[in-house]
Protein chains: 2
Amino acid sequence: MSEQRAAQVDGAVGAVGAGTPATDPAPRRRGIPDASVARLPLYLRSLHGLAEGGRTTVSSEALAAAAGVNSAKVRKDLSHLGSYGTRGVGYEVDELVHHISNALGLTQHWSVVLVGVGNLGHALAGYGGFASRGFQIAGLLDADRGRVGEQIAGLMVRHMDDLDEVVRGNGVSIGVIATPARAAQEVCDRLVGAGVTSILNFAPTVLQVPPGVDLRKVDLSMELQILSFHEHRKSAKGVPA
Amino acid sequence: MSEQRAAQVDGAVGAVGAGTPATDPAPRRRGIPDASVARLPLYLRSLHGLAEGGRTTVSSEALAAAAGVNSAKVRKDLSHLGSYGTRGVGYEVDELVHHISNALGLTQHWSVVLVGVGNLGHALAGYGGFASRGFQIAGLLDADRGRVGEQIAGLMVRHMDDLDEVVRGNGVSIGVIATPARAAQEVCDRLVGAGVTSILNFAPTVLQVPPGVDLRKVDLSMELQILSFHEHRKSAKGVPA
DNA sequence: ACGCGCTCGTGAACGCATTCACAAAGTCGA
DNA sequence: TCGACTTTGTGAATGCGTTCACGAGCGCGT
Ligand SMILES: NC(=O)c1ccc[n+]([C@@H]2O[C@H](COP(=O)([O-])OP(=O)(O)OC[C@H]3O[C@@H](n4cnc5c(N)ncnc54)[C@H](O)[C@@H]3O)[C@@H](O)[C@H]2O)c1
Ligand SMILES: NC(=O)c1ccc[n+]([C@@H]2O[C@H](COP(=O)([O-])OP(=O)(O)OC[C@H]3O[C@@H](n4cnc5c(N)ncnc54)[C@H](O)[C@@H]3O)[C@@H](O)[C@H]2O)c1
């Protein structure tokens with residue numbers, strides 16, 4: 001299940017400092033396990049839902065139910081952020097939202113550049129879920145001059161040649177790749193060259209990035225094939241060999 | 001060398017036995033481990049690339065490099081399918097493609113129904129990666145009658161009321177949800193009711209499915225927030241308190 | 001004030017996944 | 001035919017993540 005779990009961390013980045021200062025007044029923000037980090041956004045979403053429902057406090061059991069996980073997991077995950085629960089009561093929703101947002105770095109806004117404004121790129125560009133979570137699209141880029149100049153969701157598509165300008169001019173640190181697979185590695189290299197240090201890749205191909213750059217991928221075909229496997233197994237089960 | 005990483009973790013949300021958490025002693029899976037299954041599509045994609053490049057055999061080392069993983073992992077994963085390698089040589093590309101396809105159930109075509117033909121749904125409907133992997137879209141459905149009748153990629157958008165007909169008439173077993181989050185659970189329930197047993201959810205919400213139904217999710221916002229975490233950590237590192 | 005009941009936080013057990021390391025098994029050239 | 005070389009397949013070691021189980025701490029009612 002977790003699988004997807006979030007895989008392993010990049011060697012260079014993952015090595016959380018030998019002798020980390022850790023003299024923070026607040027929580028121990030030292031090395032939260034990847035698996036926990038991957039669930040924090042889920043808790044955050046669940047908490048927002050609970051807050052809208054009027055809840056001011058929530059127990060690990062209730063939050064676990066909302067997030068669809070085990071309550072012990074919730075408690076252990078949250079314990080990595082510090083001790084913000086009250087025994088006998090639970091967690092204060094607002095406070096928890098604040099601490100999770102803080103841990104995820106969502107207290108600041110992030111600028112994102114989207115490369116490849118085709119079929120998928122259009123959908124992503126128009127997606128409200130970006131802005132509502134603090135991710136601002138600083139630029140839409142495409143190599144096809146026929147697309148340059150097009151307006152999407154209040155933004156104009158610019159040419160790849162403007163990449164450096166867009167990235168440096170807006171302090172962009174996150175890049176999203178929505179180009180065909182064959183162009184993805186080149187685009188990736190250019191993003192890294194321009195200063196992007198986190199990349200989300202939608203193209204179905206394996207990308208190489210230098211140490212220090214984080215890479216995640218979303219691959220629809222792989223998801224379908226995994227479902228296919230389970231379907232296959234299910235149907236085989238009903239039919240005795 | 002093999003420092004590739006990046007992973008979608010996500011999770012494979014529940015699978016079998018997700019209903020009531022209380023009673024599940026766990027007579028679980030025998031067979032290929034989930035983590036291995038999740039990589040098979042990756043190997044398949046890499047093998048297709050190698051085949052196009054003219055390779056007829058490939059060693060675990062070479063395949064590992066192409067897929068961005070460790071070679072021992074490749075060998076262990078493939079060993080779950082049987083012993084199809086030749087010591088001293090490697091694996092025959094075509095044969096491996098065949099065996100992996102077989103294990104994943106890709107030797108048959110799967111019919112998919114897509115619910116929610118909005119921003120994202122349009123992109124998915126027009127995505128060639130579906131058909132090329134053996135996933136045929138049997139129907140595009142939407143609750144908005146204003147969208148019904150629209151033609152996308154050779155398919156006409158139909159109303160949700162036709163769900164049962166589409167599913168039963170085409171032997172659909174996989175459903176894709178691309179509706180707003182608030183509608184997702186209802187859509188999910190209707191899909192399950194119509195006979196769908198595998199669901200891929202793009203809506204940012206936790207879905208409940210009965211035992212026997214597989215559920216996977218793709219959540220863009222969560223991916224961005226995970227990247228945000230790492231960015232945050234990186235920048236904090238450079239600025240000692 | 002004080003005990004009762006509830007829930008957090010966490011040590012420990014467990015299980016799965018990854019990686020190592022190497023014998024077995026095959027190829028290939030001479 | 002044979003021996004050197006290559007690569008698989010897999011036991012064993014290691015590490016990570018999940019889950020259990022329970023003591024510690026806190027609020028509340030009396
Ligand atoms: N459409 C989907 O629903 C979907 C789903 C999952 C994955 N994907 C993947 O996402 C990617 C994009 O899919 P799509 O359907 O939008 O394809 P598309 O062909 O519609 O769009 C690709 C865009 O990338 C641009 N592009 C090409 N080379 C470029 C370069 N070197 N630099 C900058 N821009 C470049 C093209 O001009 C085009 O606008 C593909 O890799 C596809 O496999 C798409
Ligand atoms: N657009 C993106 O790039 C993107 C990215 C990631 C996730 N998502 C998620 O995917 C989902 C769809 O996003 P979108 O941008 O396409 O939204 P959208 O509003 O453009 O499209 C939603 C579609 O679902 C239809 N719909 C609503 N209720 C329905 C119901 N009960 N039954 C059937 N159809 C129904 C609507 O008529 C509409 O056509 C959302 O949950 C969104 O959060 C979107």
Side-chain angles (χ1 to χ4, degrees), chain A residues 1-9 11 14-16 27-28 31-40 43 56-65 67-93 95-96 99, chain B residues 1-5 7 9-15 17 21-22 24-40 43 56-65 67-93 95-96 99:
Chain A
M1 340 225 141
S2 45
E3 124 217 72
Q4 211 151 98
R5 12 199 122 285
Q8 58 281 44
V9 184
V16 179
R28 44 167 140 159
I32 304 176
D34 284 348
S36 288
V37 171
R39 283 187 294 267
L40 293 181
Y43 300 149
T56 58
T57 63
V58 64
S59 68
S60 62
E61 200 70 52
L63 180 52
V69 302
N70 181 297
S71 68
K73 204 182 281 189
V74 169
R75 289 197 299 278
K76 185 143 286 195
D77 286 343
L78 295 183
S79 75
H80 292 300
L81 309 182
S83 288
Y84 299 122
T86 303
R87 292 162 138 99
V89 177
Y91 302 88
E92 193 145 351
V93 174
E95 194 187 347
L96 208 46
H99 286 301
Chain B
M1 318 217 168
S2 49
E3 308 294 354
Q4 169 75 27
R5 127 219 170 78
V9 184
D10 106 68
V13 185
D24 195 8
R28 279 266 163 132
R29 58 207 82 206
R30 54 204 74 259
I32 308 176
D34 283 348
S36 288
V37 170
R39 283 186 294 266
L40 293 181
Y43 299 149
T56 58
T57 62
V58 64
S59 67
S60 61
E61 200 70 52
L63 179 53
V69 301
N70 181 297
S71 68
K73 203 182 281 186
V74 168
R75 290 197 297 279
K76 186 143 286 195
D77 286 344
L78 295 183
S79 75
H80 292 300
L81 309 182
S83 286
Y84 299 122
T86 304
R87 289 161 195 247
V89 177
Y91 303 87
E92 193 145 351
V93 174
E95 194 187 348
L96 208 46
H99 286 300

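In what follows, chains carry the letters A, B, and so on, assigned in the order in which the sequence lines appear, proteins first and then strands, with residues in each chain numbered from 1.
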Ignoring backbone atoms, test whether [X] places a side-chain nitrogen or oxygen under 4.0 Å from the OP1 or OP2 oxygen of [N].
{"X": "A:N70", "N": "D:dC20", "answer": "yes"}
{"X": "A:Y91", "N": "C:dG9", "answer": "yes"}
{"X": "A:S60", "N": "C:dC8", "answer": "yes"}
{"X": "B:K73", "N": "C:dT19", "answer": "yes"}
{"X": "B:R39", "N": "C:dT18", "answer": "yes"}

Take atom [atom1] of [X] and atom [atom2] of [N], then tell me their distance rounded to the nearest Å.
{"X": "B:L78", "N": "C:dT18", "atom1": "CG", "atom2": "P", "value": "13 Å"}
{"X": "B:E92", "N": "C:dT27", "atom1": "CD", "atom2": "C1'", "value": "14 Å"}
{"X": "B:D34", "N": "C:dG15", "atom1": "CG", "atom2": "P", "value": "17 Å"}
{"X": "A:L81", "N": "C:dG9", "atom1": "CG", "atom2": "P", "value": "10 Å"}
{"X": "B:D77", "N": "D:dT10", "atom1": "CG", "atom2": "C1'", "value": "13 Å"}
{"X": "A:L96", "N": "C:dC8", "atom1": "CG", "atom2": "P", "value": "10 Å"}
{"X": "A:H80", "N": "C:dC8", "atom1": "NE2", "atom2": "P", "value": "16 Å"}
{"X": "A:L63", "N": "C:dC8", "atom1": "CG", "atom2": "C1'", "value": "13 Å"}

For [X] and [Y], which heavy atoms make the closest approach, and how far apart are they?
{"X": "B:V58", "Y": "B:L63", "answer": "CG2-N, 3.6 Å"}
{"X": "A:R39", "Y": "A:D77", "answer": "NE-OD2, 2.6 Å"}
{"X": "B:N70", "Y": "B:A72", "answer": "OD1-N, 2.6 Å"}

### Summary
Sorted by position of nearest nucleotide on DNA chain C, 5' first, the leading residue of B:R75 and B:V89 is B:R75
### Task
Flag the pair A:P33 / A:H80 as yes when at least one side-chain heavy-atom distance between them is below 4.5 Å, and no otherwise.
yes
### Query
Any donor-acceptor pair under 3.5 Å joining the side chain of A:K76 to the base of D:dT18?
no
### Query
Would you say the side chain of A:R87 and the base of D:dC26 hold a donor-acceptor pair, judged only by whether the two atoms sit under 3.5 Å apart?
no
### Task
Please confirm whether the backbone N or O of B:A62 pairs with a side-chain atom of B:S59, one donor and one acceptor, at under 3.5 Å?
yes
### Query
Where each residue is assigned the nucleotide of DNA chain D containing its nearest heavy atom, which of B:S83 and A:T86 is assigned the position nearer the 5′ end?
B:S83
### Message
Let's see if you can work this out: which of C:dA17, C:dT10, D:dG9 has an atom nearest to the side-chain heavy atoms of B:A35?
### Response
C:dA17
